[in-house]
Asks: 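Please see the structure below; I have some questions.
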4 protein chains.
Amino acid sequence: MLVKLDFESEVPIYQQLKDQIVMGIAMRDLEPGESLPSVRELASDLGVNLHTIRKSYNQLKAEGFVHVNRRKGAVVAKLPIALDDEQKLLVDDGLNTLIATLVCSGKSHDEIRLKINSILDRMIERK
Amino acid sequence: MLVKLDFESEVPIYQQLKDQIVMGIAMRDLEPGESLPSVRELASDLGVNLHTIRKSYNQLKAEGFVHVNRRKGAVVAKLPIALDDEQKLLVDDGLNTLIATLVCSGKSHDEIRLKINSILDRMIERK
Amino acid sequence: MLVKLDFESEVPIYQQLKDQIVMGIAMRDLEPGESLPSVRELASDLGVNLHTIRKSYNQLKAEGFVHVNRRKGAVVAKLPIALDDEQKLLVDDGLNTLIATLVCSGKSHDEIRLKINSILDRMIERK
Amino acid sequence: MLVKLDFESEVPIYQQLKDQIVMGIAMRDLEPGESLPSVRELASDLGVNLHTIRKSYNQLKAEGFVHVNRRKGAVVAKLPIALDDEQKLLVDDGLNTLIATLVCSGKSHDEIRLKINSILDRMIERK
DNA sequence: GTGGTCTAGACCACC
DNA sequence: GTGGTCTAGACCACG
């Protein structure tokens, strides 16, 4: 899987990495049971400190997306991932805000639905 | 319009305020041309620092959601609001991440479409 | 509240601190709504690095014992704290192991019950 | 005796094994004088490294739960097992922390006593 | 080899 | 003032 970081962004690096891994899981680019690169390896690949990678992995672990063990490093968890109430709230609020922004920018409801559909098309539905 | 802040949230206060104003505009709870409360008034209503409100207003201005003039303070801009490329990118990435999270949590594509529709229902479409 | 760390212990410092704060909450030595010392202050008081304190506070936050905000630092959460399934499992397994150790050491069941009671006596029951 | 390891757990494998053997002894599932499986046999049964099993056995020996002799390998020690001061301290601190966690989670003292009793019921009291 | 802990110091964002 | 991010490097524990 290919990871691209924007070092100029206001979004923290560890957050960008987390987001891309979550997207990778949703797109089945990363399969459950698959190991992520070791923190050291990924840190050197991406040119960031290993502690920054560790933070991403630890948060993904805390949120249930991966398991971390000392044999195989970080391993993608089985789907579905249970979200806790706080996570659900953040997702909901985030969606509301982003969609409100699109509405304010003049996008029609249908245009927004199309955009959502094109996003969903890239993600694999769980049967 | 009613603003609710969560002081325990990891989301910065100024961001919460911004988000709710944008949602208010999308839901036509705040009409174009309408004045927002003065910085001072809102600060005392919400029990937060003047700087915090000012930061929200300044960012809303920079992003085109409000205009600031000396007489009427911050007034809601006319719709639609043009987003710059950076904003578009942030919205897109944000939507992708949030939807990926929902997919990983086991939500079907149809459930996600329903959720989006229920969000859109609360927002007024521009003709 | 008084915190004592054992730098020779195999138990990590951040864990010792976490444990003592949880005990402090259970004993109502720390009241809900009360602020913990700032990371910098506590770090210098205890003679450890501020990142070590941060780790304790962050884990306590993740487990629901405190809220962290930028105004008042770490604040003790309202009781009761909801434990997630993983936490419950760890508590259960831990109790089983520790009590098994006591049984092997020759303590009678009544002696163990007395010990538990003396621990409970120091903690304030929630009505 | 049946041993179940959780390779995803943050608890080290050797620790999980140790804990289950101690519980086995307390529950008289393992009788004093009984031999534990050989290091090699157990390692292959559980699918873990030889070193890991050896570490468990060595610690159990150091803590007095088993004796190791060349002919019969690790044999369960006679009860009771004397705990040294350090072990007693760890057990005490551990109980305090775990019970504090339960108290914070809203469990009443009576509920906690019941839980302890149900744990004790599975362990055989030494006459 | 893997991840985990701890230290140290820089700089930023929020209030 | 507060906490958050990122870097850097040392040393330990686990398997």
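Every chain is numbered from 1 and lettered A, B, ... according to where its sequence line falls, protein lines coming before strand lines.
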Asks: Just to verify, which of D:Thr52, D:Leu60, D:Val48, D:Leu42 counts as forming a side-chain contact (heavy atoms from CB on, under 4.5 Å) with D:Leu17?
Replies: D:Leu42

Asks: Using a heavy-atom distance cut-off of less than 4.0 Å, which residues of residues 32-52 of chain C contact DNA chain F?
Replies: C:Ser38, C:Val39, C:Arg40, C:His51

Asks: Could you tell me how far apart B:Arg54 (CZ) and E:dC14 (C1') are, to the nearest whole angstrom?
Replies: 15 Å

Asks: By nearest heavy atom, map B:Gln59 and A:Asn69 onto DNA chain E; which one lands nearer the 5' end?
Replies: A:Asn69

Asks: Quick check: on DNA chain F, is the nucleotide nearest A:Pro12 upstream (toward 5') of the one nearest C:Gly73, or the reverse? Name the residue that is more 5'.
Replies: C:Gly73

Asks: Considering every strand and a 4.0 Å limit on heavy-atom distances, what is the contact class for A:Lys72: base, sugar-phosphate, or nothing?
Replies: nothing

Asks: Please examine the side chains of C:Glu63 and C:Gln87, heavy atoms only from C-beta on, and report whether any two atoms are closer than 4.5 Å.
Replies: yes

Asks: Could you give the CD-to-P distance, from A:Glu8 to F:dC6, as a whole number of Å?
Replies: 13 Å

Asks: Pick from A:Asp45, A:Leu36, A:Val39: which one makes a side-chain contact (heavy atoms from CB on, under 4.5 Å) with A:Ile53?
Replies: A:Val39

Asks: Any heavy-atom pair between the side chains of C:Tyr57 and C:Ile21 that's under 4.5 Å?
Replies: yes

Asks: Side chains of B:Leu46 and B:Val3, heavy atoms from C-beta outward: is any pair under 4.5 Å?
Replies: yes

Asks: Expressed as a whole number of angstroms, how long is the span from D:Leu17:CG to F:dC14:P?
Replies: 14 Å

Asks: Check this one for me: any side-chain N or O of D:Lys55 less than 4.0 Å away from OP1 or OP2 of F:dG15?
Replies: no

Asks: Expressed as a whole number of angstroms, how long is the span from A:Arg70:CZ to E:dT5:C1'?
Replies: 12 Å

Asks: Looking at CE of B:Met1 and CD1 of B:Ile25, how far apart are the two atoms once the value is rounded to the nearest 0.5 Å?
Replies: 8.5 Å

Asks: Is it true that atom CD of A:Glu86 has more than 12 heavy atoms of other residues, nucleotides or ligands lying nearer than 6.0 Å?
Replies: no

Asks: Among F:dC14, E:dC6, F:dC6, find the nucleotide with the atom closest to the side chain of A:Tyr14.
Replies: F:dC6

Asks: Tell me the interatomic distance from C:Ile53, atom CD1, to E:dT7, atom P, rounded to whole angstroms.
Replies: 9 Å

Asks: Send over the distance from C:Phe7 CZ to F:dC12 P, rounded to a whole Å.
Replies: 17 Å

Asks: Could you tell me which nucleotide pairs with E:dT2 by Watson-Crick or G-U wobble geometry, both distances under 3.5 Å, or answer none if nothing does?
Replies: F:dA13

Asks: Round to a whole Å and report the spacing from CD of B:Glu10 to C1' of E:dC15.
Replies: 17 Å

Asks: Atom CD1 of B:Ile13 to atom C1' of F:dT2: distance rounded to whole Å?
Replies: 13 Å

